[in-house]
Amino acid sequence: MINLTIDGKKIEVEDGKTILQAAAKNDIRIPTLCYHPVLEPYAACRICVVEVGLRGKTDLLTACNTKAQEGMEVQTRSKRALGARRMNVEMLLARAPAAEPIQKLAKELGIEKTRFAVKDPNEKCILCGLCVRACEQIVGASAISFVERGTERKVTPPFGEPSEACIGCTACAYFCPTGAITYEDKYGRKVIHEELHLGPTTAIRVPIRQAVPMVPFIDTDACIHFKTGECKVCAKVCDREAVNYDAQDEVIEVEAGTIILASGFKSFDAKRIPAYGYGRFPNVISALDFERLVNASGPTGGKIKLADGSEPTAVGIVHCVGSRDENYNEYCSRVCCMYALKFAHLIHEKAHADVYNFYIDLRCFGKGYEEFYHRLLKEGTKFIRGRVSDISDMALTKHEEGKLIIRVEDTLLGMVRRIPVDMVILATGLEPGLDQNQLAKIFNISCSQDTFFLERHPKLAPMSTFSDGIFLAGTCQAPRDIPDTVAQAGGAAAEALALADKGTFALEPVTAEINKDLCSGCQVCVGLCPFTAIVYEKDEGHSEINDALCKGCGTCVAACPSGAAQQKHFRDAQIFAEIEGIFLV
Amino acid sequence: MSNATFEPRLVGFLCNWCSYTGADLAGTARMTYAPNVRIIRVMCSGRVDPQFVLKAFKEGADGVLISGCHLGDCHYKEGNYKALRRYKLLSKMLEQFGIEKERFRLEWVSAAEGIKFQQVCNEFTEQVRKMGPLNLSPNGGQHE
């Protein structure tokens, strides 16, 4: 440890720390411009100049890159230090008169006007080199550098042309203390939501606010470190040293007695209905996009905005997108009606816009749901019964210009209507997860025709499967809303616990068995068994059935060429006798 | 026996989970349908051994029905696909035996489709009635 005094205050710091770090730790402010904690100090701006006394000698030194030494007496606001700082700022003010931080510093130090010649009154760059250092040390691209000398010195990419080395990360603009570096937006306007990307995000982030565990992850596709090997800013600022760039996906094996599957759903991809223009019109958004948009922690802070940043005056909500439609999914997704009504209410409240709901049937089935619908009717939400045929931007009349036009057959009026709106929300339905069939194979369970997991009984055992000890919860079994999911998950947990507590389960009585003496080991049955219950014993030359896995379908029995496989209670002889018996009468 | 009064004898192999329950539903709903189909319950349509069908025809059946869950709905995941495969092969074989393929039928009837079971029974009975009795040579077609 090193002992020194700053402005008369006795301070102890670790070896190797700079005067600036020692001061910052003790809440003594030394102004800086070219300093950034994640970059190497450069001492270019010389604003941090302080008077340092050591061994009976005093000197003016820059605090950002001077290491603290034993017995130093540092004065940050002595007459000499302030005078030097004032002169430096005055010169910087001549160099970059338009730079706001310089103007502010000058005011603080009592400088009204610079005595030196101003070359360019609009200049903002103070040549602090933060951008150059960031590009080199953090991004690893070295796309910009200083060129020329003296009054001609400036920061530029090679030959003043757009550089191939630049990855467009805009880190230089981020580090620039005076706003001298700007970057152009893609469309010459602020992009708030373009398709699914509703706003800029960082490469290291917590996936969602409700994430469990609530820890950030690194998006390796976006992270500069995984592009150039440099940066590592997140590791530098994390004092818990929790950032690990070498982390890999790992397979964790857990031994469990009972399993609850809650693998959830996939939202219907609205691009599959081209007539609705999702992905073509920036103001046609899906239900999840709108959720993100209206979220208080979202890109607009919860304000409902169009792609150009303005507020909508009319919004259309299209129900049953991808549900109740022979071309996509025949079933009703259950949740869309109610979330669409919730959206209508939010739009009403937040944007004061007209809301049109295009529905087939409103299915407000739950507790308080119908009442909510009536509340919306009173609020003035417009309901139009009919399936929307298409959404376009082709205006026929003047008041349709610049709007999205929803074409729909109003089945209550019996006519085709065109409704001009600013924003369209597609109430996308719920679909089984992409890996549903794969999961079903792993867990030896079945899927119903719509590939949602099949329950043991639709009414009496809605959370059990045909595999004992495997239970279902939530939308992996069927589309359902949150209260229903919570109820089912509770039931599944209780069943799983009950079974785990009991420790045993009853087997089906009708399982198949293989007569070892008759089995020739042809293995026809092995490939047929949908439950992988049959194993061929190579050494013994015959196949064997695992009683715990066999569900008793009898497929292997019907296929066995030698009659070695028999199903208890459904033996070949028993069924032959039945057939004979039929014709006795 | 004239065809007008001919009552065909039909055997139906019904899976426990869908079709047998569907037949049960037709019964509890008091639907009336042709009583010609004699039902044998199996756990899955995949349990139906081709031997059962041949045995039924040999014992005097005029037609055989196999009925299981709809494809994708099988209680045992894919037993009905196995049944479908066997049905297609066995149909060809039956024709070679001189048994018209219209006498052998595969239908998917779910537990909720009592009405469909009623229709299948009526249609199948009517179809076989029009065809008349199955004439197999008494020694199974073998030359003495």
Side-chain angles (χ1 to χ4, degrees), chain A residues 437 440-441 443-452 454-459 465-467 508-512 524-525 527-533 550-561 563 565-585, chain B residues 7-18 21 35-62 64 66 68-87 89-90 108 110-112 134:
Chain A
N437 279 318
K441 258 212 168 80
F443 291 99
N444 256 333
I445 57 173
S446 342
C447 292
S448 44
Q449 263 176 316
D450 44 27
T451 55
F452 284 108
L454 187 66
E455 65 286 340
R456 187 183 279 256
H457 190 282
K459 292 187 179 68
T465 64
F466 293 114
S467 290
E508 289 278 342
V510 291
T511 53
V524 163
C525 51
L528 281 174
C529 181
F531 303 101
T532 55
C550 177
K551 302 283 161 207
C553 63
T555 301
C556 55
V557 184
C560 182
Q566 287 298 330
Q567 187 179 12
K568 292 167 200 160
H569 304 284
F570 289 89
R571 291 175 191 283
D572 283 346
Q574 287 173 304
I575 290 176
F576 281 140
E578 269 188 80
I579 297 170
E580 283 164 16
I582 280 176
F583 295 103
L584 291 177
V585 189
Chain B
E7 285 298 336
R9 292 197 289 183
L10 309 173
V11 178
F13 294 98
L14 269 52
C15 93
N16 179 55
W17 302 98
C18 294
T21 322
N36 304 52
V37 179
R38 274 86 157 169
I39 295 170
I40 292 177
R41 181 173 71 103
V42 287
M43 291 308 282
C44 176
S45 50
R47 171 70 183 95
V48 180
D49 195 322
Q51 291 184 77
F52 299 168
V53 179
L54 296 175
K55 171 84 175 171
F57 279 123
K58 182 167 171 263
E59 291 296 323
D62 299 304
V64 174
I66 298 175
C69 308
H70 284 269
L71 291 175
D73 261 354
C74 180
H75 182 97
Y76 301 108
K77 297 209 282 196
E78 50 205 35
N80 48 6
Y81 283 97
K82 307 280 169 13
L84 178 63
R85 261 157 45 174
R86 287 178 191 142
Y87 168 78
L89 285 174
L90 189 56
W108 310 129
S110 83
L134 175 66

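We name chains A, B, ... by the order of the sequence lines, and we start the count at 1 in each one. The structure displayed is predicted, hence computed values, not measured ones.
- Using a 4.5 Å heavy-atom threshold, the side chains of A:V557 and B:D49 count as separate.
- Only the side chain of B:H70 comes within less than 4.5 Å of a heavy atom of chain A; its backbone N, CA, C and O stay farther away.
- Heavy-atom distances place the backbone of A:I445, and not its side chain, under 4.5 Å from chain B.
- Contacts between A:F570 and chain B at a heavy-atom distance below 4.5 Å involve backbone atoms as well as side-chain atoms.
- Using a 4.5 Å cut-off between heavy atoms, B:R86 touches chain A through its side chain atoms alone.
- Between chain B and the options A:K551, A:H569, A:Q449, A:R456, the largest number of non-hydrogen pairs under 4.5 Å is found for A:Q449.
- Contacts of B:V11 with chain A are made by side-chain atoms alone, with heavy-atom separations under 4.5 Å and no backbone atom involved.
- In this structure, the portion of A:C447 lying under 4.5 Å from any heavy atom of chain B is its backbone and not its side chain.
- Neither the backbone nor the side chain of A:A512 comes within less than 4.5 Å of any heavy atom of chain B.
- Relative to the ring axis of A:F576, B:K55 places its NZ or CZ within 45° and under 6.0 Å from the centre.
- Heavy atoms closer than 4.5 Å to chain B are found in both the backbone and the side chain of A:D572.
- Contacts of B:K77 with chain A are made by both backbone and side-chain atoms, with heavy-atom separations under 4.5 Å.
- Within the 4.5 angstrom heavy-atom criterion, no atom of B:A111 approaches chain A.
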